Amino acid sequence: MTNFNMTRRNFGLLAAGAAAAATMPFSARAAGGSVVAATFPGNWEDGYRTVLTPLVKQAGFDLTVAPALAQDQLAKVMASPGNPPYDTLLMSPGQMATAIDNDLIQKIDPSKLKNWSMLDPAFQGEYGPTVTIEVNGIAYNPDLVPAPKGYRDLFENPAYKGKVSWTGFGSNTGVMAYSQIAKIFGTSATDMDAVFKLFKDNPEQIKGVVASTNHQMTLFQQGEIAVFMCSTGNVARLKSMGLKAEFVQPETGSPAAPVNIHLTKGSKNVEAAYAYMDAAISKAAQDQLKMPPREMFPTNMQVALTPGIEAFVKRDQLASMIYPDWASINKNRAEWIRKFDALVAG
């Protein structure tokens with residue numbers, strides 16, 4: 001789930017490369033009467049294909065789930081804005097801001113969603129419904145390391161030396177953690193020079209930098225790392241596989257990100273897109289998606305939390321989560337990515 005602060009002109013090279021990759025959703029749409037929904041890979045892809053496909057079918061449409069990270073969704077739509085490869089996009093606020101700036105998504109008509117009233121007003125976005133909240137923190141293997149108190153522990157406690165993995169600034173999970181670390185070791189959430197210095201002074205941490213959370217999940221399963229920054233859903237997935245994995249909300253607070261479905265501007269299957277959105281926020285869907293191994297936090301107020309989800313976060317805790325300033329992040333992110341990648345490359 002990555003975003004960049006780009007204009008159409010700046011997106012040129014990326015869009016050109018993405019044009020060829022966008023062919024799959026186009027071919028799926030050719031069948032007609034279907035909605036092509038961009039969805040994150042992994043748990044999201046599996047869950048949405050399994051749970052939402054029959055619900056969308058009941059509404060009279062076919063559902064094609066097209067797995068893609070948010071930066072790839074943006075690139076593919078930018079490559080063909082007049083004939084977008086997806087009818088809907090799945091994004092967090094950072095990507096949503098980029099999509100709005102580039103005129104890629106449109107405001108929705110809530111009257112077309114029969115389940116709209118079941119959402120808490122905080123989840124009724126003008127650019128689409130919030131389908132879950134991803135609460136981020138620290139995952140650890142209790143057989144290998146003690147429970148960390150927070151981010152400072154990972155750099156100052158020798159128990160974690162060489163056992164922590166990080167992602168780059170292209171990852172939403174990564175950049176949310178770095179924003180908190182910047183406040184701890186620097187002057188503000190945007191003082192990334194403090195973060196870069198911290199990594200430079202702790203070169204063993206740089207060795208643990210990988211491309212994505214999915215990569216970290218694999219390393220964790222193999223016992224090559226014992227700690228990584230993640231969402232509660234990542235830990236739920238590891239637990240469902242029988243692995244020793246626990247989740248810690250950092251003592252400085254847990255960063256959180258709403259995840260929203262957006263209607264792509266220029267979608268040729270608008271009614272099908274609304275049917276898909278409605279299915280995603282329905283009690284029928286969220287009652288299933290809240291269960292292991294996905295354990296997605298339900299935004300439908302009629303859906304009760306499971307004990308597993310409540311062990312991570314309760315509804316009354318959502319307001320106390322840390323919601324990053326994505327406007328500031330987007331403004332600086334490309335430069336942060338460049339500097340951090342250079343630091344990692346040596």
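This one's a predicted model, so the numbers in the text were calculated from it and none came from an experiment.
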Ring-ring centroid check [X] [Y], cutoff 6.0 Å:
X      : Y      : result
Tyr48  : Trp44  : yes
Trp166 : Phe199 : yes
Tyr274 : Phe61  : no
Phe185 : Tyr151 : no

Close side-chain approach of [X] to [Y], heavy-atom, < 4.5 Å:
X      : Y      : answer
Phe155 : Val164 : no
Lys290 : Leu305 : no
Glu295 : Val235 : no
Pro255 : Gln180 : yes
Thr98  : Gln95  : no
Thr39  : Pro67  : no
Ser179 : Ile329 : yes
Asn83  : Lys268 : yes

Check whether [X] and [Y] end up in the same hydrophobic cluster, where Ile, Leu, Val, Met, Phe, Trp and Tyr are linked by side-chain heavy atoms less than 4.5 Å apart.
X      : Y      : result
Ile281 : Met291 : no
Met301 : Val135 : no
Met277 : Val65  : yes
Tyr160 : Val210 : no
Ile108 : Val35  : yes

Subject >> Full working for side-chain contact (heavy atoms from CB on, under 4.5 Å) between Ile100 and Ile105 >> reply: CA-CA 6 Å; Ile100 293 172; Ile105 58 177; 3.8 Å; yes
**OP:** Test side-chain contact (heavy atoms from CB on, under 4.5 Å) on Phe228 and Met217 and set out the steps.
**Re:** CA-CA 9 Å; Phe228 69 105; Met217 296 274 282; 3.8 Å; yes
Distance, nearest 0.5 Å, that separates [atom1] of [X] from [atom2] of [Y]:
X      : Y      : atom1 : atom2 : answer
Lys339 : Asp193 : NZ    : CG    : 4.5 Å
Lys197 : Leu343 : NZ    : CG    : 12.0 Å
Arg333 : Met192 : CZ    : CE    : 9.5 Å
His262 : Lys107 : NE2   : NZ    : 13.5 Å
Phe40  : Asp72  : CZ    : CG    : 11.0 Å
Asn141 : Phe220 : CG    : CZ    : 4.5 Å

With a 3.5 Å distance limit and no angle check, can you tell me whether [X] reaches the backbone of [Y] through a side-chain donor-acceptor pair?
X      : Y      : answer
Asn115 : Asp278 : yes
Ser165 : Gly208 : yes
Asn234 : Ser231 : yes
Ser171 : Thr173 : yes
Glu335 : Asn332 : no
Thr264 : Ser267 : no
Asn102 : Leu104 : no
Gln286 : Ala280 : yes
Gln249 : Phe312 : yes
Gln73  : Leu90  : yes

Subject >> From CA spacing to verdict: side chain to side chain donor-acceptor pair (under 3.5 Å), Asn202, Lys161 >> reply: CA-CA 9 Å; Asn202 295 271; Lys161 188 171 183 178; over 6 Å; no
Subject >> Check ion pair Lys239-Glu246 (N to O, under 4.0 angstrom) >> reply: yes
Subject >> Presence of salt bridge, Glu204 and Lys207, under 4.0 angstrom >> reply: no
Closest non-hydrogen atom pair, [X] against [Y]:
X      : Y      : answer
Gln216 : Met229 : OE1-O, 3.8 Å
Gly137 : Pro250 : CA-CD, 3.8 Å
Ala70  : Met91  : O-CE, 4.3 Å
Ala189 : Ala182 : O-CB, 3.8 Å
Ser328 : Trp336 : O-CH2, 4.4 Å
Val303 : Asp287 : CG1-OD1, 3.3 Å

Original post:
Which other residues belong to the hydrophobic cluster containing Ile322, where Ile, Leu, Val, Met, Phe, Trp and Tyr are joined when side-chain heavy atoms lie under 4.5 Å apart, directly or via other members?
Top reply: none
Subject >> Residue pair Ile309, Thr232: steps toward the side-chain contact (heavy atoms from CB on, under 4.5 Å) verdict >> reply: CA-CA 8 Å; Ile309 291 177; Thr232 57; over 6 Å; no
Original post:
What do the steps show when you test Asn214 against Ser212 for side chain to side chain donor-acceptor pair (under 3.5 Å), and what is the final call?
Top reply: CA-CA 5 Å; Asn214 284 340; Ser212 68; 5.0 Å; no
Original post:
With sequence neighbours left out, what residues match Asp46 under salt bridge (Lys or Arg N to Asp or Glu O under 4.0 Å)?
Top reply: Arg294
